Amino acid sequence: TKANQEYLADLQKYREEVAMKIATNNKSIAEFNARMDNQKAEAKADYKKRIDAIQQKNSDMKKRLDGNALCQDRSFQAVRDAPRGAAGGKCRLALAASNG
(Lines give C-alpha, C1' and ligand atoms only; values in the text may rest on other atoms or scores of the structure.)
Protein backbone atom coordinates (compact mmCIF):
# COMPACT_ATOMS: atom_id res chain seq x y z
CA THR A 1 0.00 0.00 0.00
CA LYS A 2 1.00 3.62 -0.36
CA ALA A 3 1.11 4.12 3.41
CA ASN A 4 3.40 1.12 3.74
CA GLN A 5 5.71 2.49 1.04
CA GLU A 6 5.82 5.88 2.77
CA TYR A 7 6.57 4.17 6.08
CA LEU A 8 9.43 2.22 4.53
CA ALA A 9 10.81 5.35 2.85
CA ASP A 10 10.68 7.27 6.14
CA LEU A 11 12.28 4.36 7.94
CA GLN A 12 15.10 4.18 5.40
CA LYS A 13 15.70 7.93 5.72
CA TYR A 14 15.77 7.63 9.51
CA ARG A 15 18.22 4.71 9.34
CA GLU A 16 20.50 6.75 7.06
CA GLU A 17 20.37 9.73 9.45
CA VAL A 18 21.24 7.52 12.41
CA ALA A 19 24.07 5.87 10.46
CA MET A 20 25.49 9.31 9.64
CA LYS A 21 25.31 10.37 13.31
CA ILE A 22 27.01 7.17 14.39
CA ALA A 23 29.75 7.67 11.77
CA THR A 24 30.27 11.25 12.97
CA ASN A 25 30.47 10.03 16.56
CA ASN A 26 32.98 7.35 15.59
CA LYS A 27 35.12 10.00 13.92
CA SER A 28 34.99 12.09 17.11
CA ILE A 29 36.01 9.05 19.15
CA ALA A 30 39.00 8.46 16.88
CA GLU A 31 40.01 12.12 17.17
CA PHE A 32 39.76 12.03 20.97
CA ASN A 33 41.81 8.83 21.06
CA ALA A 34 44.51 10.44 18.90
CA ARG A 35 44.63 13.55 21.10
CA MET A 36 44.57 11.51 24.28
CA ASP A 37 47.92 9.90 23.49
CA ASN A 38 49.70 13.25 23.85
CA GLN A 39 47.96 14.48 27.00
CA LYS A 40 48.64 14.39 30.71
CA ALA A 41 46.73 11.97 32.93
CA GLU A 42 44.19 14.63 33.94
CA ALA A 43 43.34 15.47 30.33
CA LYS A 44 43.27 11.77 29.44
CA ALA A 45 40.58 11.21 32.06
CA ASP A 46 38.49 14.02 30.54
CA TYR A 47 38.91 12.59 27.03
CA LYS A 48 37.99 9.14 28.32
CA LYS A 49 34.75 10.55 29.80
CA ARG A 50 33.92 12.23 26.50
CA ILE A 51 34.66 9.05 24.55
CA ASP A 52 32.49 7.00 26.91
CA ALA A 53 29.62 9.48 26.52
CA ILE A 54 29.85 9.38 22.72
CA GLN A 55 30.03 5.59 22.73
CA GLN A 56 26.94 5.48 24.93
CA LYS A 57 25.09 7.75 22.48
CA ASN A 58 26.02 5.40 19.64
CA SER A 59 24.85 2.40 21.63
CA ASP A 60 21.57 4.11 22.51
CA MET A 61 20.94 5.07 18.88
CA LYS A 62 21.65 1.53 17.69
CA LYS A 63 19.37 0.01 20.33
CA ARG A 64 16.60 2.47 19.55
CA LEU A 65 16.91 1.83 15.85
CA ASP A 66 16.94 -1.95 16.28
CA GLY A 67 14.32 -2.10 18.99
CA ASN A 68 11.85 0.61 18.10
CA ALA A 69 12.13 1.63 14.48
CA LEU A 70 10.27 -1.36 13.12
CA CYS A 71 6.90 -1.32 14.81
CA GLN A 72 3.72 -2.50 13.15
CA ASP A 73 1.17 -0.92 15.46
CA ARG A 74 2.52 2.64 15.50
CA SER A 75 3.40 5.17 12.85
CA PHE A 76 7.05 5.67 11.97
CA GLN A 77 7.03 9.23 13.30
CA ALA A 78 5.58 8.10 16.63
CA VAL A 79 8.26 5.41 16.90
CA ARG A 80 11.05 7.80 15.90
CA ASP A 81 9.96 10.43 18.41
CA ALA A 82 9.08 8.07 21.27
CA PRO A 83 11.21 8.08 24.42
CA ARG A 84 13.99 5.50 24.39
CA GLY A 85 12.70 2.02 25.09
CA ALA A 86 9.04 3.06 24.98
CA ALA A 87 8.13 0.57 22.28
CA GLY A 88 9.62 -2.37 24.15
CA GLY A 89 10.80 -5.68 22.81
CA LYS A 90 7.43 -6.69 21.38
CA CYS A 91 7.43 -3.78 18.96
CA ARG A 92 9.38 -5.29 16.08
CA LEU A 93 8.52 -5.98 12.50
CA ALA A 94 10.77 -7.41 9.85
CA LEU A 95 10.90 -5.43 6.63
CA ALA A 96 9.92 -8.52 4.69
CA ALA A 97 6.78 -8.90 6.79
CA SER A 98 5.83 -5.26 6.29
CA ASN A 99 5.80 -5.79 2.53
CA GLY A 100 3.16 -8.51 2.78
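The structure displayed is predicted, hence computed values, not measured ones.
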CD on Q55 to CG on N26, rounded to 0.5 Å: 8.5 Å

Identified side-chain contact (heavy atoms from CB on, under 4.5 Å) counterpart of I51 within the set N33, D46, N25: N33

Give me the one residue out of Q56, K57, K62 that meets side-chain contact (heavy atoms from CB on, under 4.5 Å) with D60. Q56

Given the rule in the side-chain contact (heavy atoms from CB on, under 4.5 Å) test, do F32 and I54 qualify, once you have shown the distances and angles that lead to the verdict? CA-CA 10 Å; F32 279 124; I54 294 169; 3.7 Å; yes

Closest heavy-atom contact between Q39 and K44? O-CE, 3.1 Å

Please report the closest heavy-atom contact between N58 and I22, naming both atoms and the distance. OD1-CA, 3.5 Å

Kindly write out the residues that satisfy salt bridge (charged side-chain N to carboxylate O under 4.0 Å, His left out) with K48, not counting sequence neighbours, or none if the list is empty. D52

